[in-house]
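Take this structure, written in structure tokens, and hold onto it; I'll ask about it next.
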Amino acid sequence: MAIDIVITQRGLFKTPLTEADLSPDGLRTGHWNQAGALDPGPAGDGRVLCDPDQPGRGCFLQAVPGEKGKAALRQTLPCTPRDLEVFYGLAKRICQVWETVRFTQDGEEFRLSDIPRLKEDQRKGCEGFLKAMAERWQADGGGVLTGAVYPIYMEPEAVERLKSGDLDFFQAYLTEKQTGDRYYAKPNFYRNNNGVDILGMYAITEGVPSILPAAPFVPPLYAVFLQDFHVTDGEVTDWRISLNRVWEENGQLTGKTLGYVPFEQFAQKIRLDQCPRFDAKHVVVQVDDLSEVLS
């Protein structure tokens with residue numbers, strides 16, 4: 001489920017959108033990578049935007065600098081109240097730049113004056129969507145939620161709270177999970193020269209807090225973000241971790257790979273099972289001296 005807004009510029013003399021129009025001050029901008037985590041910079045056809053202090057699910061703005069014709073906005077549901085503020089705020093901003101008071105939402109035309117009513121209607125709808133989603137997660141024994149910054153594998157205690165449709169808790173939960181300076185360790189996959197064996201590789205950088213799975217797996221979102229990607233957990237014959245060190249030299253950041261270790265060896269060395277939990281499948285890891293992992 002999603003809300004889709006399309007804004008069309010009318011008139012003979014059209015105003016191109018600028019980078020400032022597409023990325024207003026105060027909002028975080030980026031694009032979702034193959035694991036569903038937010039990376040810096042826009043994609044080729046648009047960008048993800050969210051409030052950096054209250055990142056909910058984020059919205060996607062399909063437009064590039066210089067666009068004069070149409071801009072499209074999509075907000076995945078259920079979303080947080082702050083998501084709705086950002087989403088409709090962006091729609092209003094583009095309408096004002098293009099000097100129009102009309103936009104199309106889900107195929108129906110509305111005016112800027114309709115936005116308060118639309119936000120309230122969507123908030124009520126999100127409560128119902130959230131209840132239904134939480135009930136499905138509970139029945140399935142878990143699930144993954146795409147967030148603005150990180151995908152979140154839902155914890156049973158959070159699912160229980162969300163069954164009430166509590167959007168304030170939903171917003172607080174997503175904020176707690178998605179704020180803070182942490183690296184989301186996503187796996188990269190490499191096929192062996194024999195054409196059969198597949199290596200799954202995570203990267204960890206010394207001294208950097210990182211979100212790492214407690215046990216390696218192929219993220220289900222890879223099938224969404226990578227076309228024709230069909231690797232499954234059972235096909236990965238070897239899971240390893242790349243150990244990296246970064247430092248500043250002559251005013252420039254430089255780095256090197258210290259080595260590679262099997263995932264199980266890394267987990268045993270740093271006691272991965274005792275690291276702080278991030279979500280149902282991940283923990284937060286910080287290793288200040290990776291050379292100890294290689295010893």
Seminar exercise, completed: The reported gap from NZ in K186 to CE in M201 (rounded to nearest 0.5 angstrom) is 13.5 Å
For this session: State whether the side chain of E127 and the backbone N or O of G165 hold a donor-acceptor pair below 3.5 Å, judged by distance alone.
Result: no
Exercise. Rounded to the nearest 0.5 Å, what separation is found between the CG atom of L90 and the CG atom of L73?
Worked result: 6.0 Å
Exercise. Would a 4.5 Å heavy-atom cut-off, applied to side chains only, mark D106 and I3 as touching?
Worked result: yes
Problem set entry | Donor-acceptor contact below 3.5 Å, side chain D21 vs main chain T18 | yes
Exercise. Cation over ring, R161 on F169, under 6.0 Å and within 45°?
Worked result: yes
For this session: Establish whether V86 and M1 are linked, either directly or via other cluster members, by ILVMFWY side-chain heavy-atom contacts under 4.5 Å.
Result: yes
Exercise. Taking the six-membered ring where the residue is Trp, are the ring centres of F189 and W239 under 6.0 Å apart?
Worked result: yes
Problem set entry | Donor-acceptor pair, side chain of Q265 and main chain of P262, under 3.5 angstrom | no
Exercise. Just wondering, are more than 12 heavy atoms of other shown residues or ligands nearer than 6.0 Å to CZ in R93?
Worked result: yes
Exercise. Quick one: are T179 and P55 in side-chain contact, heavy atoms under 4.5 Å?
Worked result: yes
Exercise. Has the side chain of Q75 got a donor or acceptor atom that lies under 3.5 Å from a matching backbone atom of D4?
Worked result: no
Problem set entry | Backbone N/O of R182 and side chain of Y150: donor-acceptor pair under 3.5 Å | yes
For this session: Check the surroundings of atom CD in E157: do more than 12 heavy atoms from other residues, nucleotides or ligands lie under 6.0 Å from it?
Result: yes
Exercise. If you measure from SG on C59 to CZ on R47, what distance do you get to the nearest 0.5 Å?
Worked result: 11.5 Å
For this session: Report yes if the side chains of I5 and F87 come closer than 4.5 Å at any heavy-atom pair, otherwise no.
Result: yes
For this session: For N188 and Q34, work out which heavy atoms get closest and say how close.
Result: OD1-NE2, 3.5 Å
Exercise. Is the backbone N or O of V149 less than 3.5 Å from a side-chain atom of Q178, with the two atoms forming a donor-acceptor pair by type?
Worked result: yes
Problem set entry | Residues, nucleotides or ligands: over 12 heavy atoms within 6.0 Å of E264 CD | no
Problem set entry | Validation row: L272, Q274 side chains within 4.5 angstrom (heavy atoms) | no
Exercise. When rounded to the nearest 0.5 angstrom, what is the spacing between OH in Y88 and CG in L118?
Worked result: 4.5 Å
Exercise. Quick one: does Y184's side chain get under 4.5 Å of N33's, heavy atoms only?
Worked result: no
For this session: Please check if L294 and I241 belong to a single hydrophobic cluster, counting links between Ile, Leu, Val, Met, Phe, Trp and Tyr side chain heavy atoms closer than 4.5 Å.
Result: yes
Exercise. So if you build clusters from Ile, Leu, Val, Met, Phe, Trp, Tyr with side-chain heavy-atom gaps below 4.5 Å, do V6 and V97 land together?
Worked result: no
Seminar exercise, completed: For D289 and E206, the nearest pair of non-hydrogen atoms, with its separation, is CA-OE2, 3.3 Å
Exercise. Does T80 use its side chain to pair, donor to acceptor, with the backbone of D83 at less than 3.5 Å?
Worked result: yes
For this session: Please report the shortest heavy-atom distance between A148 and W32, naming the atom on each side.
Result: O-NE1, 3.1 Å
Problem set entry | Distance-minimising heavy-atom pair for R82 and Q171 | N-OE1, 2.8 Å
For this session: Would you give the length of the straight line joining atom CG of L61 to atom OG1 of T29, rounded to the nearest 0.5 angstrom?
Result: 9.0 Å
For this session: Give the minimum heavy-atom separation between S291 and L258, together with the two atoms involved.
Result: N-CD1, 4.4 Å
For this session: Supply the atom-to-atom distance L49 CG to L22 CG, rounded to the nearest 0.5 angstrom.
Result: 8.5 Å
Exercise. Which is it for D168 and R123 under the salt bridge (charged side-chain N to carboxylate O under 4.0 Å, His left out) test, yes or no, and what are the steps along the way?
Worked result: CA-CA 11 Å; D168 291 333; R123 179 179 175 120; 3.6 Å; yes
For this session: Count the heavy atoms of every other residue, nucleotide or ligand shown that sit under 6.0 Å from CZ of R117, and state whether that count exceeds 12.
Result: yes
For this session: Check whether any side-chain heavy atom of T15 lies under 4.5 Å from a side-chain heavy atom of E99, and answer yes or no.
Result: no
For this session: With the side chain counted from C-beta on, respond yes when S210 and T205 share a heavy-atom pair under 4.5 Å apart, and no when they do not.
Result: no
Exercise. For Y202 and L212, what are the C-alpha separation, side-chain angles and deciding distance, and is it a side-chain contact (heavy atoms from CB on, under 4.5 Å)?
Worked result: CA-CA 8 Å; Y202 293 93; L212 185 73; 3.9 Å; yes
For this session: Group every Ile, Leu, Val, Met, Phe, Trp and Tyr by side-chain heavy-atom contacts under 4.5 Å, then state whether L162 and F129 land in the same group.
Result: no
Problem set entry | Intermediate values then yes/no, salt bridge (charged side-chain N to carboxylate O under 4.0 Å, His left out), R111 and D114 | CA-CA 5 Å; R111 299 175 66 88; D114 293 319; over 6 Å; no
For this session: For the pair E67 (side chain) and L17 (backbone), establish whether a donor and an acceptor sit closer than 3.5 Å, ignoring hydrogens and angles.
Result: no
Exercise. Should V208 and V287 be regarded as members of a common hydrophobic cluster, given that ILVMFWY residues are connected when their side-chain heavy atoms come within less than 4.5 Å of each other, either directly or indirectly?
Worked result: no
For this session: Report yes if some heavy atom in the side chain of F103 is under 4.5 Å from a heavy atom in the side chain of L112; otherwise report no.
Result: yes
For this session: Using a cut-off of 6.0 Å, state whether more than 12 heavy atoms not belonging to R245 lie near its atom CZ.
Result: yes
For this session: Verify the neighbour count for atom NZ of K124: are there more than 12 heavy atoms of other residues, nucleotides or ligands below 6.0 Å?
Result: no
Exercise. Between F217 and Y153, is the ring centre distance below 6.0 Å?
Worked result: yes
Exercise. Just checking, any donor-acceptor pair under 3.5 angstrom between side chains of T146 and R57?
Worked result: yes
Problem set entry | Residues that, via side-chain heavy atoms closer than 4.5 angstrom, fall in one hydrophobic cluster with F13 | L12
Exercise. Please walk me through it: do Q122 and L77 pass side-chain contact (heavy atoms from CB on, under 4.5 Å)?
Worked result: CA-CA 9 Å; Q122 291 296 340; L77 300 175; 3.8 Å; yes
Exercise. Do any N or O atoms from the side chain of W98 and from the backbone of P16 form a donor-acceptor pair under 3.5 angstrom?
Worked result: no
Exercise. Would you say K177's side chain and F278's backbone share a donor-acceptor pair under 3.5 angstrom?
Worked result: yes
Exercise. Closest approach of A203 and N244, non-hydrogen atoms and distance?
Worked result: CB-ND2, 3.8 Å
